[in-house]
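For reference, the structure is listed below as structure tokens.
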Amino acid sequence: MSELIIEGLRASVEGKEILKGVDLVVKSGEVAAVMGPNGSGKSTLSHVIAGRPGYEVTGGSVRIDDIEMLGLPTWKRAEAGLFLAMQYPTEVPGVALRDLLLASARTSDDPEEIEIRMQAEAERIGFDAKLLERPLNVDLSGGEKKRNETVQLGVLRPAFAILDELDSGLDVDALRVVSARIEQATEEDGLGVLAITHYSRLFDELHPDTVHVFADGRIQESGGPKLATELEETGYERWVRPVTAAKPSAGLPDDPFADPLA
Ligand code: ADP
Ligand code: MG
């Protein structure tokens, strides 16, 4: 039983503060949903947890049990049990998924066992096993990229997975298969999940234990699974600062298509 503990996490990009003190705990076998509007900093949160360069962490901590992640290179965070499924998976020409998985497996894992898992995981979610030999994500459809991430998760068996909009680019059937696979991992392997999304449809198969509303760089409200369906109905307006309506600039006619001679 492990915990992913995020405390008072603050981070900036190009001098602008995006994460403004994030507090969140995910336990083994649990799914924590983080739902929020576009531009609120959800992907930034996932990147900062995983150690993607380009962010300045200005405070707080991210731990797996007693191990501090902040300051560690990404591969060491992965070794400690973290996995990130990116919103926009990166294309890596020249590196096949198969090679990536063999290289990322723990040294204690038997390569033959990894091969077996790859085939089994691909089959489990209807991912064409031929794609294991193709360069990572190159020319894959949005849905194939997300299945690809799910195969990686199934093979590598991390302790905690951060899923950044796993539902984007997936059609309804593929979403069902992929989210059901992840739900199984929470039950079979005690995977802890931090699932970032703005649609509750991800949670038809992957059942959240806690739901957190994320807006303006921090968690604004937390609740049980019902909160996800409420958000689907009400949206995030309550937590988003009102945007002042743009005024038409002076000098332009009210209707730019009006006949000027009329
Ligand atoms: P979300 O995933 O919730 O849609 P993001 O974390 O992608 O939000 O972005 C949050 C804010 O940070 C946005 O205003 C975005 O423009 C800004 N941002 C993110 N990454 C960068 C970057 N590399 N450079 C400049 N601004 C960035
Ligand atoms: Mg995002």
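For the single chain, residues carry numbers from 1 onward in sequence order. Just so it is clear, the structure is predicted and the values come from calculations on it, not from any experiment.
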Measure the CG-CD distance between Asp189 and Glu187 for me, rounded to the nearest 0.5 Å. 10.5 Å
Do Asn148 and Glu144 pair up side chain to side chain, a donor and an acceptor below 3.5 Å, judged on atom types alone? no
Over 12 foreign heavy atoms within 6.0 Å of CG, Asp171: yes
Hydrogens and angles aside, do Lys27 and Ser2 bring a side-chain donor and acceptor to less than 3.5 Å of each other? no
ILVMFWY network linking Ile196 to Val26, side-chain heavy atoms under 4.5 angstrom: yes
Give a yes or no on whether Phe160 and Leu84 share a hydrophobic cluster (residues Ile, Leu, Val, Met, Phe, Trp, Tyr; joining criterion: side-chain heavy atoms under 4.5 Å apart). yes
I need the minimum non-hydrogen distance between Ile114 and Ala105, along with the two atoms involved. CD1-CB, 3.6 Å
Within a strict 4.5 Å, meaning less than it, do heavy atoms of the Val92 and Val138 side chains meet? no
Side chains of Pro225 and His207: closer than 4.5 Å at any heavy-atom pair? no
Between Arg77 (side chain only) and Ile49 (backbone N and O only), is there a donor and an acceptor less than 3.5 Å apart? yes
Can you confirm whether more than 12 heavy atoms, excluding those of Glu133, are under 6.0 Å from its CD atom? yes
Give the minimum heavy-atom separation between Glu91 and Asp139, together with the two atoms involved. OE2-N, 4.1 Å
Less than 4.0 angstrom from a charged side-chain N to a carboxylate O is my criterion; do Arg124 and Glu188 meet it? yes
Presence of salt bridge, Glu230 and Lys226, under 4.0 angstrom: no
Residues Val25, Leu4; criterion side chain to side chain contact (heavy atoms under 4.5 Å, CB included); working and verdict: CA-CA 6 Å; Val25 176; Leu4 171 66; over 6 Å; no
Calculate, to the nearest 0.5 Å, the distance between atoms OG and CG belonging to Ser179 and Asp204 respectively. 7.5 Å
Correct closest heavy-atom pair for Val240 and Pro37 would be CG2-CG, 3.7 Å
Starting at OG1 of Thr229, measure out to CZ of Phe203 and round the result to the nearest 0.5 Å. 10.5 Å
Salt-bridge test for Lys42 and Asp164: reply yes if a basic N is under 4.0 Å from a carboxylate O, no otherwise. no
Is the shortest heavy-atom distance from the side chain of Leu153 to the side chain of Leu163 under 4.5 Å? yes
Single hit among Ile182, Leu170, Val178, Asp167 for side-chain contact (heavy atoms from CB on, under 4.5 Å) with Leu202: Asp167
The single option from Glu121, Glu205, Glu149 passing salt bridge (Lys or Arg N to Asp or Glu O under 4.0 Å) against Arg181: Glu121
Do the charged groups of Asp173 and Arg176 touch, with an N to O distance under 4.0 Å? yes
Should Ile18 and Val48 be marked as a side chain to side chain contact (heavy atoms under 4.5 Å, CB included) after you check the CA-CA gap, both sets of side-chain angles, and the distance that decides it? CA-CA 11 Å; Ile18 309 288; Val48 168; over 6 Å; no
Ion pair Glu7/Arg63, N-O distance below 4.0 Å: yes
Common cluster, Val177/Leu175, ILVMFWY with side-chain heavy-atom separation under 4.5 Å: yes
If hydrophobic clusters are built by linking Ile, Leu, Val, Met, Phe, Trp and Tyr wherever their side-chain heavy atoms come under 4.5 Å apart, do Leu136 and Met86 end up in the same one? no
Do Met35 and Val22 share a hydrophobic cluster, counting only Ile, Leu, Val, Met, Phe, Trp and Tyr and linking them when any side-chain heavy atoms are less than 4.5 Å apart? no
What do the steps show when you test Leu194 against Ile6 for side chain to side chain contact (heavy atoms under 4.5 Å, CB included), and what is the final call? CA-CA 11 Å; Leu194 196 164; Ile6 302 163; 3.9 Å; yes
Show, in sequence, the C-alpha distance, side-chain angles and deciding distance for Gln87 and Ser43, and conclude whether the side chain to side chain donor-acceptor pair (under 3.5 Å) test is met. CA-CA 7 Å; Gln87 182 172 4; Ser43 290; 2.7 Å; yes
Decide yes or no on side chain to side chain contact (heavy atoms under 4.5 Å, CB included) for Glu221 and Trp239, but give the supporting numbers first. CA-CA 9 Å; Glu221 195 173 323; Trp239 295 281; 3.0 Å; yes
At what distance, to the nearest 0.5 angstrom, does CD1 of Ile5 lie from CE of Met69? 10.0 Å
